[in-house]
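To find a chain, count down the sequence lines: A is the first, B the second, and so on, and within it residues start at 1.
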Amino acid sequence: MPEKPTLDGLEDRWARVWEDEGTYAFDRSATREQVFSVDTPPPTVSGSLHVGHVFSYTHTDIVARFQRMRGKKVFYPMGWDDNGLPTERRVQNFYGVRCEPSLPYDPDFTPPEKPGKQQIPVSRKNFVELCETLTAEDEKAFEALWRRNGLSVDWSHGYQTIDARARAISQRAFLRNVERGQAYVSMAPTLWDVTFRTAVAQAELEDREHTGAWHRIAYHGASGPTYIETTRPELIPACVALIAHPDDERYQPLFGTTVRSPLFDVEVPVLAHPAAEMERGAGIAMCCTFGDLTDVQWWRELDLPNRTVINRDGRLLRDTPDWITSEAGRQRWEQVAGATVHTAKERIVAMLQETGELVGDVRPVTRPVKFYEKGDKPLEIVSSRQWYIRNGGREASVRDEMLARGRELRWHPEYMRHRYEDWVRGLNGDWLVSRQRFFGVPVPVWYPLDGEGEVIPDKPLTPDDAALPVDPTTDVPPGYTAEQRDVPGGFTGDPDVLDTWATSSLTPQIAGLWSVDDDLFARVFPMDLRPQGHDIIRTWLFSTVLRSHLEHDSLPWAHAALSGWILDPDRKKMSKSKGNVVTPMGLLEEFGSDAVRYWAAGGRPGVDTAFDRGQMKVGRRLAMKLLNASKFILGVGVDAGEPDLSAVSTPLDRALLARLTEVVEKATAALDDYDYAVALEVTEQFFWFFCDDYLELVKSRAYGEFDEAGRDSARATLAAALRVLQRLFAPVLPFVAEEVWSWWQEGSVHLAAWPDIHELATSAEADPQVLSVASDVIGGIRRAKSEQKLSIRTEVESLSVQAAPAALEALREALADVRAAGRVRDVELVVSSDGELVTTVGAPTA
RNA sequence: GGGCGCGUAGCUCAGCGGAAGAGCAACGGCCUUACAAGCCGUCGGUCGCAGGUUCGAAUCCUGCCGCGCCCA
């Protein structure tokens, strides 16, 4: 035990010991019943961890440490999510390169020291290598932070969502979905981001207010013009019908007839469909392929032709579409061929003004438009061949199964279940899993080519399981040779990668080594806990439940714990901007890891919490207090062995242990329910009371100033209480708890048994009032002395206590301790008529 | 527009049917032999607003206002 205990340096010292001793190593001989397994969120490796990560990962660690002390073999791996667009973008900016899949691999390529102004095109393989290099560096820094933060992770069970094993597992799971018909390929209208040139899924959409303008435009019928209103006049050449509500009397005569489009003179039918809104615009809409999701619905349900005019790069087709047949129409198309959507709109509006087919003023309007959450241009809808996984968006039976899984899962807090149910009920299509990107898990299929060299899409070729992971753009399917690539009668590889969630949804399988080490998998799956943010219930949580349901017919985990957000105080008050960036490592160094963990532990499950340096200071004080209190108690002279509770003969001591028993019960129940905040609160509250009142009360007796029995009773109680308190704090304050435990106990506190109420059971019944009255009276003495501006240690002539008879009776049991702690010479006990406790002290002794 | 959550002391938050709480801050003390990175004490609130249920409401119900998240 050091002379002057300090918190400085505890993190490095104990982190090294834990690593050397394998304190948190998973015992893989354990059976499933003995295991507590955690499906840790793999942080996205695209930059740095922030305070919010420290916050929520600490919550998980507290639970893991608690379960470990309860005797569970804890499976607590850490993964890195380094697969997907954020990494691609970071690599592009960091190295100044871009992926050009047509280029050959250059094994000698090294990126420039500093990224140049012009991005250097590199092959897909070079690009992926750069992704791996950069993420490896980031991951080192992340691991160092987590170790410093005290996460009790078993680092030998790490994974990357882009590593070969994860790719193989991801592809295997996908191919098994294909085999069972749970995944399928389909040519369909798809939401498309023109910047990233990739399809996006429903889960990646967000609505944003976008300014547009209503244009009133004339279509021409046999009996005169029909006016429609549209915000997208550039889609006139893509128009396949005009549509009004079947009950709309204004358009009854037109249903079944045809009209001709302005400028391009294409004949389209006028049709009825209930999705047309009578109150909106003119009540009759142009259906184009495709302006929005309603167009898709009409196109599908009314069996309309596909007249796509927008390319995947967001520009209009260069060639004149064959459905534009009139000479004037074809000339007008020349004006917009190859133009961006924006330019095409301007030119078409100008032409409409010329021809007089644009009627009245253009009226600005702001309305919600769908964006890719990472994009900055509105999504277009294009027809393309994509892979989908059935998720209940199209089949009620699957949806009901997913709802049942949601009810089966235990949610913490419970109300988070609604978000899941709302999402499942609102699904409107299957899960689109193919992406037209480079850095990801390749879609593991090839397609045969017919005699003309055209793709035969409905007969995908799949790899042998042993060959996984495969890259179809370089690997060759079974039964073919490399020379047959992209030649008639040969094959072509699917160029796409899987949605990042298609791999992330398999984290329990990846961490547990499903299909790689099935023995391990059987010991950890289904897992116990998924901790995660509430914002990704619709994506990560839902997709993980789905994949597990499809592959294993079970939930992936029994419990989901949803953590809240960290609210940046600056963001609340938008006017203020501090400008000083707080890095997690800086905080850990400034306050100590235990102090930062203390702040995190104060955030109730699921509740957004303010970033609060004040709480970190408080946490530091608590850690310091634990050092000092431990030092004091050990200095009094207590035994390190199992405390001899038969020596606890003094009523005050029995009452203390009884109160601590309640604390153990409450803290245990709270942690069993994943409520670390309540567990900490009750422990902390008791601990301050223990230090401020109990320690002061028994100090003299423990030093042996009275009789031997009293001394032994105090020492046994102090030892028992300290052993319990150090362990109660261990999950939240792992470093300082380990430090003080090491002063007198063998082994790691983190492998010690969680406190059990039986280790506090004394032979005789305890009277809690002895402790509460003694505490009240000592408080009264302090108050009285404080009012007289006396030192607490000043000895006074007399103490008078007025109280109810029962309270006085209890007080007598602890009177010697109270007298010693309060430094009073004479004591007078007076029965009070109203039962209220009144403490008065006399003058200081001379 | 719908779902969910939240409005309690200057600040951060507990409490969620039986006398308004904690910590921080502020203020006043104590140089107390574990701890001045300590200790003691004091101040401070129509529990968002309006109704209702109840012997009793911060707590349950209804409506409204404000904030946040998710989804249309």
Side-chain angles (χ1 to χ4, degrees), chain A residues 1-8 202-203 205-207 293 367-370 373 411 413-428 533-539 541-542 562 564-567 569 571-573 590-592 595 598-599 602-636 675 677-678 680-682 684-685 688-693 695-696 699-700 702-703 718 722 740 743 778-795 821-823:
Chain A
M1 186 170 73
E3 190 57 36
K4 263 279 176 199
T6 174
L7 298 174
D8 297 331
Q202 186 183 354
L205 303 182
E206 63 185 34
D207 283 355
L293 291 174
R367 71 213 189 289
V369 172
K370 295 207 181 307
E373 59 189 358
W411 298 77
E414 167 66 27
Y415 61 74
M416 291 294 180
R417 181 192 310 276
H418 294 289
R419 305 220 177 161
Y420 176 91
E421 297 200 340
D422 288 353
W423 174 251
V424 175
R425 291 210 174 90
L427 285 169
N428 57 26
H534 53 65
D535 53 324
I536 48 174
I537 289 174
R538 71 200 167 113
T539 49
L541 191 147
F542 170 75
L562 288 307
W565 285 103
I566 293 309
L567 300 178
R571 260 182 64 185
K572 282 168 85 180
K573 295 169 189 169
E590 180 179 354
F591 295 99
Y598 170 88
W599 159 72
R604 255 68 183 168
V607 178
D608 294 346
T609 302
F611 174 71
D612 188 352
R613 301 171 70 88
Q615 280 303 103
M616 297 179 197
K617 273 193 208 163
V618 174
R620 187 171 176 86
R621 275 215 294 254
L622 174 63
M624 190 70 87
K625 191 79 175 173
L626 187 57
L627 281 181
N628 284 313
S630 298
K631 181 189 156 203
F632 169 69
I633 291 170
L634 297 181
V636 165
D675 199 342
V678 165
L680 171 61
E681 192 184 6
V682 296
E684 188 191 7
Q685 200 190 356
W688 287 106
F689 159 79
F690 172 78
C691 290
D692 297 341
D693 286 3
L695 281 187
E696 296 300 331
K699 225 179 225 181
S700 300
Y703 279 136
L718 288 171
L722 188 64
V740 294
W743 292 344
I778 202 78
I781 294 171
R782 282 180 195 134
R783 194 177 310 115
K785 287 184 179 175
S786 179
E787 276 161 10
Q788 297 178 39
K789 306 201 173 178
L790 296 175
S791 160
I792 306 281
R793 292 185 61 79
T794 310
E795 192 184 42
R823 312 262 156 172

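In this structure, A:Asp535 reaches neither bases nor backbone, as no heavy-atom distance under 4.0 Å exists between it and the strands shown. Within 4.0 Å (heavy atoms only), A:Arg783 reaches sugar-phosphate atoms of the nucleic acid but no base atom. At a threshold of 4.0 angstrom between heavy atoms, the contacts of A:Lys789 are confined to the sugar-phosphate backbone, with no base atom among them.
At least one side-chain nitrogen or oxygen of A:Tyr703 sits closer than 4.0 Å to the OP1 or OP2 atom of B:A34. Here A:Lys617 does not reach the OP1 or OP2 of B:C24: none of its side-chain N or O atoms lies under 4.0 Å away.
Taking the C1' atoms as reference points, B:G18 lies 36 Å from B:C39, given to the whole Å. Look at the P atom in both B:A50 and B:G15: the space between them is 25 Å, to the nearest Å. Taking atom P in both B:A22 and B:C40, one finds a spacing of 14 Å when rounded to whole Å.
Across the interface with RNA chain B, nearest-nucleotide mapping of A:Cys691 and A:Asp422 shows A:Asp422 to be the residue nearer the 5′ end. In this structure, A:Arg793 and A:Tyr598 both approach RNA chain B, and ranking their closest nucleotides by distance from the 5' end singles out A:Tyr598.
B:A19 is unpaired under the criterion used here, namely a Watson-Crick or G-U wobble arrangement in which both key atom distances are under 3.5 Å.
Between A:Arg417 and A:Glu421, no side-chain nitrogen of the basic residue sits less than 4.0 Å from a carboxylate oxygen of the acidic one, so the salt-bridge criterion is not met.
If you check B:A37, B:C24, B:C69 against the side chain of A:Val618, the one that comes closest is B:C24.
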